[in-house]
Amino acid sequence: MENQTTVTEFILLRLSNDPQVQKFLFLVFLLIYLVTLTGNTLIMLVIRADSHLHNPMYFFLFHLSFVDLCYSSVTVPKMLTDFLSENKTISFNGCIAQMFFIIFSAGTEVFTLSAMAYDRYVAICDPLRYAATMKKGTCVLLEAGAWTLGILDGLVYTVVVLQLQFCGPNQIHHFSCEPPPLLQLSCTSPLKEQMVLLTSAVVLGLSSFLLTLISYVLIISTVLRIRSAEGRRKAFNTCSSHLTVVGLLYLTAFFQYTKPSSASSVVLDELVSIQYSILTPMLNPIIYSLQNKEVKTALGRMLGKLRFRSSV
C-alpha cells in the first residue's frame with residue numbers, strides 16, 4: 001500500500017465512445033434537463049403565487065420540486081460537459097461531494113413522498129380533523145425530518161467511503177459517482193463498509209417504503225368503503241398524481257435490487273440510474289400538471305396574468 005499512488009481524480013466513463021452518438025446524447029440530456037428546470041420551477045412559482053395552493057399537499061409538492069431540481073443538477077451538468085470534452089475526469093473531492101448530494105437528494109425525496117402519503121391519508125381517512133392535524137407546524141416538522149434524514153444518509157455514505165483507500169484503477173464505469181461503482185475501485189476490502197451502507201439503505205429505504213405503503217393501505221381501505229362510485233373516484237383523484245410518482249420510484253428501485261445477477265450489466269445499471277436520477281425529476285412536474293386540476297387551473301391563472309401584463 002505504501003508504494004501505491006493514492007488516486008486524486010477519477011475518470012467517468014462515457015455512455016458511448018462514438019463522437020456522433022455523444023453529440024446526440026448531449027442534445028437529448030440537455031432537452032431533458034431544460035424540461036426538468038422549467039417544469040419544476042413553474043410548479044414552485046405557481047404554488048408560491050396562487051393562494052388557492054397554500055395548503056399542506058402543495059407545501060410538500062413545492063419541496064419535492066425543489067429536491068428534484070437539486071437531484072437533476074447534481075449529475076446532468078457534469079454529464080453534459082463530459083459529452084463535449086475529451087477530459088472526463090472529476091477530482092476525488094468532487095466525486096465524494098457529488099456522491100453526498102446524490103444520496104442526500106434521493107433520501108430527501110423518498111421521505112418527502114412519505115410525508116405526502118401521510119397527508120393524503122389524513123385528508124381521506126380523517127377529513128374532519130385534517131386542518132387540525134396537518135397544521136403548518138406539523139408540515140414544517142415533517143419536511144424538516146425528510147431533509148434531516150436525507151442529510152444524515154448522505155453523511156453516512158460520505159464518512160464510510162472516506163475510510164477506504166483508492167490507489168488505482170480510477171475509471172468509474174458510470175456517468176456519476178454513485179456508491180456501487182465507486183466501491184468497486186477501492187484497493188482495500190470494502191466488505192465492512194458495504195455492510196454499513198447496506199444497513200443504512202435498508203433501514204431508511206424500508207422505513208420510508210413502509211410509511212408510504214401503510215398510508216395507502218389505509219387510504220384504499222377507506223375509499224373502498226365509500227358507497228357511491230363518484231365518491232370513490234373523487235377520493236382516488238386526490239392522490240392519483242402522488243401514487244403515480246411513488247409507483248415510478250419504487251418500481252424502479254424494486255427492479256434494481258431484485259433483478260437476477262445474470263441481468264446485471266454496466267449498461268443496464270446506467271439505464272436504471274438515468275430513470276430515477278434524471279427522468280423521474282423531469283416526469284414529476286409533468287405528472288402533477290397533467291393529473292391535477294388545481295395545478296392546471298393555477299397555472300392557467302398565472303399565465304393569463306402574465307399575458308395581461310405584457311399586453312398592457
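A continuous path of ILVMFWY side-chain contacts below 4.5 Å connects Phe24 to Leu30, so both sit in one hydrophobic cluster. By the rule that hydrophobic residues join a cluster once side-chain heavy atoms approach within less than 4.5 Å of another member, Met57 and Ile286 end up as members of one cluster. Leu141 and Phe62 are not part of a single hydrophobic cluster, where members link through side-chain heavy atoms under 4.5 Å apart. By the criterion of side-chain heavy atoms lying less than 4.5 angstrom apart, applied directly or through intervening Ile, Leu, Val, Met, Phe, Trp or Tyr residues, Val203 is not grouped with Met195; the two fall into different hydrophobic clusters. Ile102 and Leu152 fall into different hydrophobic clusters, where Ile, Leu, Val, Met, Phe, Trp and Tyr side chains are chained together by heavy-atom contacts under 4.5 Å.
Taking every heavy atom of both residues into account, Asn170 and Glu9 meet most closely at ND2-O, 3.1 Å. The two residues Thr238 and Arg120 have their closest heavy-atom pair at O-CD, 3.4 Å. Between Leu218 and Cys125, the shortest heavy-atom contact is O-SG, 3.5 Å. The two residues Phe175 and Ile274 make their nearest non-hydrogen contact at CE2-CG1, 3.6 Å. Across all their heavy atoms, Thr41 and Leu37 have their closest contact at OG1-O, 2.6 Å. Shown here for Thr36 and Leu69, the closest heavy-atom pair between the two residues is O-CD2, 3.9 Å.
Distance CZ/Phe100 to CG/Asp153: 9.5 Å, rounded to 0.5 Å. A distance of 12.0 Å separates CE of Met116 from OG of Ser215, quoted to the nearest 0.5 Å. Atom CD in Gln275 sits 6.5 Å away from atom CG in Leu283 (nearest 0.5 Å). One finds the CD atom of Glu109 at 7.5 Å from the OG1 atom of Thr112 (value rounded to the nearest 0.5 Å). Here the CG atom belonging to Asn284 is positioned 7.0 Å from the CG atom belonging to Leu113, to the nearest 0.5 angstrom. Here OH of Tyr58 is found 15.5 Å from NE2 of His63. Values are rounded to the nearest 0.5 Å.
A ring-centre distance under 6.0 Å is not found for Phe101 and Tyr71. Taking the six-membered ring wherever Trp is involved, the centroid distance between the rings of Tyr250 and Phe209 falls below 6.0 Å.
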Residue pair Asn93, Ser91: steps toward the side chain to side chain donor-acceptor pair (under 3.5 Å) verdict: CA-CA 5 Å; Asn93 290 334; Ser91 68; 5.8 Å; no
Stepwise side-chain contact (heavy atoms from CB on, under 4.5 Å) check, Phe60 with Glu143: CA-CA 7 Å; Phe60 293 123; Glu143 191 55 41; 3.4 Å; yes
Test log, rule side-chain contact (heavy atoms from CB on, under 4.5 Å), inputs Leu164 and Phe166: CA-CA 7 Å; Leu164 299 173; Phe166 296 91; 3.9 Å; yes
side-chain contact (heavy atoms from CB on, under 4.5 Å) assessment of Phe29 paired with Met79: CA-CA 8 Å; Phe29 285 103; Met79 180 192 292; 3.8 Å; yes
Stepwise side-chain contact (heavy atoms from CB on, under 4.5 Å) check, Val245 with Leu249: CA-CA 6 Å; Val245 170; Leu249 178 67; 5.7 Å; no
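A 4.5 Å side-chain heavy-atom check between Leu12 and Cys177 finds at least one atom pair inside the cut-off. The shortest distance between side-chain heavy atoms of Leu142 and Phe59 does not fall below 4.5 Å. By the 4.5 Å heavy-atom criterion applied to side chains, Lys78 and Ser176 are not counted as neighbours. Within the 4.5 Å cutoff, side-chain heavy atoms of Gln98 are placed close to those of Ile90. At least one side-chain heavy atom of Leu182 sits under 4.5 Å from a side-chain heavy atom of Cys95. The shortest distance between side-chain heavy atoms of Ile287 and Leu248 falls below 4.5 Å. With contacts defined as side-chain heavy-atom distances shorter than 4.5 Å, the pair Ile32/Val76 does not qualify. Asn40 is not listed as a side-chain neighbour of Met282, based on a closest heavy-atom distance of 4.5 Å or more.
Between the Ser72 side chain and the Asp68 main chain, no donor and acceptor come within less than 3.5 Å of each other. Panel note: side chain Ser207, backbone Leu204; a donor-acceptor pair is recorded below 3.5 Å. Side chain of Arg232 to backbone of Ile226: a donor-acceptor contact under 3.5 angstrom is found. Although no hydrogens or angles enter the test, the distance criterion places no donor-acceptor pair under 3.5 Å between the side chain of Ser85 and the main chain of Thr81. Side-chain atoms of Glu178 never come within 3.5 Å of backbone atoms of His174 as a donor-acceptor pair (strictly under, hydrogens ignored). Thr138 contributes no side-chain N or O that, together with a main-chain N or O of Met134, makes up a donor-acceptor pair within less than 3.5 Å.
Looking at Ser277 and Thr75, their side chains never bring a donor and an acceptor atom within 3.5 Å of each other. Donor-acceptor pairing under 3.5 Å is recorded for the side chains of Asp119 and Tyr130. A donor atom on one side chain and an acceptor atom on the other are not found under 3.5 Å apart for Ser186 and Gln165. Using a 3.5 Å distance cut-off with no hydrogens or angles, the side chains of Thr89 and Asn87 do pair a donor with an acceptor.
With Ile219 as the partner, the side-chain contact (heavy atoms from CB on, under 4.5 Å) test is satisfied by one option alone out of Val217, Thr222, Val223: Val223. Across His52, Arg48, His54, a single residue satisfies side-chain hydrogen bond (donor to acceptor under 3.5 Å, both in side chains) together with Asp50, and that is His52. Checking each of Tyr216, Phe236, Tyr288 against His242 for a ring pair (Phe, Tyr, Trp, His ring centres under 6.0 Å) leaves exactly one that passes, namely Tyr216.
Under the side-chain hydrogen bond (donor to acceptor under 3.5 Å, both in side chains) criterion, Tyr118 pairs with no residue, sequence neighbours left out.
Between Phe104 and Trp147, the ring planes lie tilted relative to each other; the angle falls in the 30° to 60° range.
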